[in-house]
Amino acid sequence: MSFLKLENAVKKYGDGESAVYALNGVSIDIEPEEIVVILGSSGSGKSTLLNILGGIDVMSEGRFTFMDKEISGKKSRDLLLYRRENIGFVFQFYNLIADLTVRENIKVVAEYCSSPLNIDEVMKTLGIDSLADRFPSQLSGGQQQRVAIARAVIKNPKLLLCDELTGALDSKSSGDVLRFVEKINHEYNTTIIIITHNNEIARMGDRIIRIHDGKIVSNEKNQEKVSADKLEL
Ligand SMILES: Nc1ncnc2c1ncn2[C@@H]1O[C@H](COP(=O)(O)OP(=O)(O)O)[C@@H](O)[C@H]1O
Ligand SMILES: [Mg+2]
């Protein structure tokens with residue numbers, strides 16, 4: 001079985017002379033339970049790629065299968081189901097609901113899932129159990145991002161997609177957040193894709209993929225993987 005396979009993905013904006021290729025023939029294969037880091041500078045196509053994998057954007061051309069099922073060509077209703085069933089998203093900004101507590105923020109997501117994980121257990125895994133009754137405004141950036149991760153993983157997604165998740169954090173909070181991402185991978189066997197422009201973060205990946213101008217320039221197993229607490233952020 002193939003877990004995730006993208007073949008010749010093209011994403012084109014506009015036409016003719018003014019056409020921009022955000023992705024220009026990207027193929028990748030991702031193994032289950034890996035931590036994959038996709039590295040590239042700003043404008044290289046990282047977010048476009050992640051959004052396609054997460055079913056919140058569609059390709060102009062190419063083929064995409066997830067657990068051997070074809071996702072490319074699906075209509076928005078079916079993409080929504082794909083996303084709901086399989087995908088957790090974490091962004092640079094935390095997207096928490098300001099007037100709900102930490103526990104309530106997680107609970108509202110759990111309520112529309114068919115088989116959510118236990119809320120207390122997830123809060124404990126992410127080290128936010130003591131913050132359950134606080135509101136987002138009463139948390140640091142790193143704590144808010146851990147709540148955002150809890151919201152993404154409560155449905156026990158097969159794939160967790162992280163778009164510059166430490167982009168707004170200081171180095172200590174970045175390290176904390178990445179340690180917890182690694183813990184999610186270990187505890188729940190979640191496959192994780194992190195996109196970043198930060199080379200140091202790549203060291204914690206099982207696989208490192210480099211993207212430039214909408215093309216993959218390298219894709220290698222990381223022979224020198226280190227745990228997140230060894231990163232010098
Ligand atoms: N809606 C859009 N219309 C036109 N160009 C876009 C649009 N979205 C992204 N792009 C272009 O596609 C390229 C890749 O963007 P993006 O995937 O956001 O890169 P990254 O996340 O690596 O910074 C950039 O050149 C960007 O300007
Ligand atoms: Mg981006």
Is [Y] close to [X] at the side-chain level, that is, under 4.5 Å between some pair of heavy atoms?
X: Ser72; Y: Met59; value: yes
X: Ile195; Y: Leu49; value: no
X: Ile149; Y: Leu165; value: yes
X: Leu39; Y: Ile209; value: no
X: Ile119; Y: Val122; value: no
X: Ile216; Y: Val26; value: yes
X: Leu50; Y: Lys46; value: no
X: Gln145; Y: Val90; value: yes

Partners passing salt bridge (Lys or Arg N to Asp or Glu O under 4.0 Å) against [X] (at least two apart in sequence or in another chain):
X: Asp15; value: Lys12
X: Arg210; value: none
X: Asp129; value: none
X: Asp229; value: none

Determine whether a donor-acceptor pair (N or O, by modelled atom type, separation under 3.5 Å) exists between the side chain of [X] and the backbone of [Y].
X: Arg151; Y: Asn105; value: yes
X: Asp57; Y: Ile52; value: no
X: Asn8; Y: Gly25; value: no
X: Ser27; Y: Glu7; value: no
X: Thr196; Y: Asn198; value: yes
X: Thr190; Y: Asn185; value: no

Spacing of [atom1] belonging to [X] relative to [atom2] belonging to [Y], to within rounding of 0.5 Å:
X: Ile38; Y: Leu161; atom1: CD1; atom2: CG; result: 9.0 Å
X: Thr125; Y: Leu117; atom1: OG1; atom2: CG; result: 8.5 Å
X: Arg146; Y: Gln143; atom1: CZ; atom2: CD; result: 6.0 Å
X: Gln144; Y: Asn95; atom1: CD; atom2: CG; result: 10.5 Å
X: Leu79; Y: Ile56; atom1: CG; atom2: CD1; result: 10.5 Å

Does one hydrophobic cluster hold both Val181 and Leu231, with members joined at side-chain heavy-atom distances below 4.5 Å?
yes

Residue pairs involving [range] (criterion salt bridge (Lys or Arg N to Asp or Glu O under 4.0 Å); sequence neighbours excluded):
range: residues 95-107; value: Arg103-Asp120, Lys107-Glu111
range: residues 182-206; value: Glu200-Arg203, Asp206-Lys225
range: residues 69-86; value: Arg63-Glu70

Linking Ile, Leu, Val, Met, Phe, Trp and Tyr by side-chain heavy atoms under 4.5 Å, what else ends up with Val20?
Tyr13

With Leu4, the side-chain contact (heavy atoms from CB on, under 4.5 Å) member among Thr65, Thr191, Leu159
Leu159

Give every residue pair that meets the side-chain hydrogen bond (donor to acceptor under 3.5 Å, both in side chains) criterion with at least one member in residues 157-172, sequence neighbours excluded.
Ser47-Asp163, Asn86-Lys158, Glu164-His197, Asp170-Ser173, Lys172-Asp176

For a quick test of reading the model, state the closest non-hydrogen atom pair linking [X] to [Y] and the distance between them.
X: Ser2; Y: Asp29; result: OG-OD1, 4.4 Å
X: Cys162; Y: Ile192; result: SG-CG2, 4.3 Å
X: Ala202; Y: Val37; result: CA-CG1, 3.7 Å
X: Pro116; Y: Ala110; result: CG-O, 3.7 Å
X: Pro157; Y: Gly88; result: CB-N, 3.5 Å
X: Ile106; Y: Ala150; result: CD1-CB, 3.7 Å

Asn222 and Arg207: side chain to side chain donor-acceptor pair (under 3.5 Å), yes or no, with the steps?
CA-CA 5 Å; Asn222 183 8; Arg207 176 168 294 281; over 6 Å; no

Going by the ring pair (Phe, Tyr, Trp, His ring centres under 6.0 Å) test, which pairs reach into [range], not counting sequence neighbours?
range: residues 83-126; result: Phe89-Phe91
range: residues 129-188; result: none
range: residues 40-78; result: Phe3-Phe66, Phe66-Tyr82

Could you give me the CA-CA distance, side-chain angles and deciding distance for Leu160 and Ile193, then say whether side chain to side chain contact (heavy atoms under 4.5 Å, CB included) is met?
CA-CA 6 Å; Leu160 180 66; Ile193 304 180; over 6 Å; no

